[in-house]
Amino acid sequence: MPRRNAPLSPATRAAQALRMIDPVTGAVVPGIQPASTFARDADYAPRQSYIYARDGGPTVEHAEKVLADLDGAAESLLFASGMAAISAFTETFARGDHVIAPKVMYHGGQTWLHRIAERRGVEVTWIDQGDPAALGAALRPGRTTWVWVETPANPNWDVVDIAASAEAAHAAGARLFVDCTAAPPPCLQALALGADIAFHSATKYMGGHSDLTAGVLSFADAKAGAEMRPIRSLLGSTIAAFDAWLLIRGLRTLYLRWDRACANALAIAQAMQGHPKIAEVLYPGLPSHPGHAIAKAQMTGGFGGMLSLMVTGDGSIARDVARFCEVFVPATSLGGVESLIEHRKVVEGPHSIVPNQLLRLSCGIEAPEDLVADLEQALERAA
Ligand SMILES: *Cc1c(COP(=O)(O)O)cnc(C)c1O
């Protein structure tokens with residue numbers, strides 16, 4: 001079948017970083033432009049759109065174009081970390097705003113929302129986002145400004161129906177912010193499902209090599225993106241050119257890495273189900289997971305590389321398993337090429353509501369049999 005007039009698949013566009021061949025040298029890899037400032041022309045006008053690196057520059061802009069393309073966004077803006085993007089987003093909240101957020105979500109974002117609520121006079125209603133009726137009950141038509149969902153959500157991998165959440169939020173005059181860090185563009189198109197902002201910690205799958213921190217806000221509406229630009233400049237939270245360049249490189253292999261991470265996670269989830277020392281496997285790709293049906297409908301390119309294991313016993317066995325692994329690296333974060341294991345409660349600190357028995361796994365791209373064998377030997381050694 002000739003495909004000459006068919007649109008290119010996003011995997012192709014990502015692999016070629018939008019085919020931005022350097023017009024001068026023909027280089028197939030973009031250069032890094034680290035300049036902090038840009039000279040004006042004879043009429044004292046900017047030569048292109050660039051003035052000062054805190055507002056962005058050519059390398060950052062290239063990465064943003066690739067991200068906007070993959071997210072189907074009117075505009076994507078890059079930040080120095082996921083939390084820099086989150087704090088720029090919450091900078092748009094005004095005194096008296098009502099915001100709805102999940103009780104169980106990425107702990108850094110939650111800690112920040114608590115602080116905003118206390119210091120800014122923003123009211124937050126915390127809901128169980130796994131309960132489909134909870135959002136409707138919490139919305140206050142005409143008062144709620146933002147609904148925040150995370151899907152699949154740390155560390156239980158609860159799945160939220162984005163289209164239904166967007167419909168409910170919009171009917172009440174609110175907008176929808178989705179933390180899609182665990183479900184990047186190869187599997188989820190949050191904006192097409194109705195979200196107003198898709199957020200990613202690009203430190204994770206998008207960068208993919210545990211060598212940068214970055215955050216992205218992708219906007220459905222160009223006006224909302226334009227309004228965010230001066231906030232980012234004034235907060236000084238723009239990503240550096242070198243990190244943007246590393247991100248472009250990471251995005252070129254995103255689709256390939258994603259497929260392998262999903263396959264590895266499924267293989268591990270299946271191998272751990274029924275293991276005598278595992279009480280429960282939390283993975284949206286398993287039919288036993290409460291969010292499986294929604295995940296199957298909404299995540300069209302795999303269920304992700306993240307899963308959690310509920311280990312039997314009081315939590316000391318879980319900590320031992322994390323200590324005894326020799327292939328999984330005992331470290332926080334996710335979405336890199338190397339698999340990571342973490343005892344989440346220790347990482348989050350004493351206020352964490354995560355159960356002591358929970359181990360969070362980020363599956364990388366190693367051979368699945370090595371990962372399964374590693375968990376099996378660590379489980380055997382743990383008391
Ligand atoms: C890591 C992470 C963040 C924060 O991103 P950083 O890049 O670490 O600042 C936000 N949400 C989720 C789900 C994350 O995993």
Side-chain angles (χ1 to χ4, degrees), residues 7-8 10 13-14 17-20 30 33 38 45-82 84-94 97 99 144-149 162-163 165-181 183-186 188-202 206 214-239 241 244 247-248 251 254:
L8 293 175
R13 303 198 304 268
L18 299 181
R19 205 179 171 88
M20 288 184 192
Q33 180 44 266
F38 296 83
R47 288 163 198 247
Q48 289 185 25
S49 57
Y50 315 117
I51 296 171
Y52 188 61
R54 187 148 43 69
D55 309 325
T59 312
V60 173
E61 194 178 272
H62 185 163
E64 288 172 342
K65 282 193 175 142
V66 179
L67 291 163
D69 178 60
L70 296 183
D71 258 341
E75 179 155 20
S76 293
L77 289 177
L78 261 173
F79 295 80
S81 69
I86 284 175
S87 49
F89 164 63
T90 60
E91 193 56 40
T92 65
F93 293 0
D97 279 359
V99 173
T144 309
T145 49
W146 282 99
V147 174
W148 179 313
V149 305
I162 296 174
S165 303
E167 201 177 313
H170 294 159
R175 281 176 290 170
L176 184 70
F177 173 95
V178 183
D179 183 340
C180 334
T181 297
L188 185 76
Q189 295 289 320
L191 298 179
L193 291 168
D196 297 279
I197 296 181
F199 158 76
H200 310 267
S201 165
M206 289 179 154
V216 193
L217 297 177
S218 286
F219 298 88
D221 171 32
K223 189 162 155 273
E227 283 167 7
M228 180 58 68
R229 267 186 186 276
I231 296 176
R232 180 181 68 170
S233 290
L234 294 171
L235 284 172
S237 52
T238 311
I239 192 169
L247 181 56
I248 295 169
L251 288 168
L254 173 62

Can you find a pair of side-chain heavy atoms, one from [X] and one from [Y], that are under 4.5 Å apart?
| X | Y | value |
| --- | --- | --- |
| Val99 | Thr144 | no |
| Leu247 | Val66 | no |
| Gln33 | Val60 | no |
| Met20 | Pro30 | no |

Legend entry - Polar side chain donor-acceptor pair, Tyr50 to Glu61, under 3.5 angstrom: yes

Legend entry - Donor-acceptor side-chain pairing of Asp71 and His200 below 3.5 angstrom: yes

Please check: side-chain N/O of [X] versus main-chain N/O of [Y], any donor-acceptor pairing under 3.5 Å?
| X | Y | answer |
| --- | --- | --- |
| Ser76 | Ala68 | yes |
| Arg54 | Ser233 | yes |
| His170 | Ala166 | yes |
| Glu64 | Leu78 | yes |
| Asp196 | Leu176 | yes |
| Thr59 | Ala244 | no |
| Arg13 | Arg19 | no |

Provide the closest heavy-atom pair for [X] versus [Y] in the form atom of the first, atom of the second, distance.
| X | Y | value |
| --- | --- | --- |
| Phe199 | Gly82 | CE1-O, 3.4 Å |
| Ala222 | Glu75 | O-OE1, 4.0 Å |
| Leu188 | Cys180 | CD2-CB, 4.1 Å |
| Leu217 | Ala85 | CD1-O, 3.7 Å |
| Arg229 | Asp55 | NH1-O, 3.8 Å |
| Ser218 | Leu191 | O-CD2, 3.8 Å |

To the nearest 0.5 Å, tell me how far [X] [atom1] sits from [Y] [atom2].
| X | Y | atom1 | atom2 | value |
| --- | --- | --- | --- | --- |
| Leu77 | Thr238 | CG | OG1 | 8.5 Å |
| Glu227 | Thr92 | CD | OG1 | 9.0 Å |
| Leu193 | Gln189 | CG | CD | 8.0 Å |

Inset, instruction - Assert yes or no for the condition that the ring centre distance of Phe177 to Phe89 is strictly below 6.0 Å. - result: yes

Inset, instruction - Any chance you could lay out the side-chain contact (heavy atoms from CB on, under 4.5 Å) test for Tyr52 and Phe38, step after step, and finish with the verdict? - result: CA-CA 6 Å; Tyr52 188 61; Phe38 296 83; 5.9 Å; no

Inset, instruction - Evaluate side-chain contact (heavy atoms from CB on, under 4.5 Å) for Leu70 paired with Leu254, printing each intermediate quantity in order. - result: CA-CA 10 Å; Leu70 296 183; Leu254 173 62; 4.3 Å; yes

Inset, instruction - Quick one: do Ile239 and Phe79 satisfy side-chain contact (heavy atoms from CB on, under 4.5 Å)? Show the steps, please. - result: CA-CA 5 Å; Ile239 192 169; Phe79 295 80; 6.0 Å; no

Legend entry - Verdict with reasoning, Asp179 to Trp148, per side-chain contact (heavy atoms from CB on, under 4.5 Å): CA-CA 8 Å; Asp179 183 340; Trp148 179 313; 4.2 Å; yes

Legend entry - Partners passing salt bridge (Lys or Arg N to Asp or Glu O under 4.0 Å) against Arg175 (at least two apart in sequence or in another chain):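 Applying salt bridge (Lys or Arg N to Asp or Glu O under 4.0 Å) to Arg175 gives none.
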
Inset, instruction - Please report the C-alpha distance between Ser201 and Thr181 in whole Å, then the side-chain angles of each, then the deciding distance to 0.1 Å, and finally whether the side chain to side chain donor-acceptor pair (under 3.5 Å) criterion is met. - result: CA-CA 5 Å; Ser201 165; Thr181 297; 5.0 Å; no

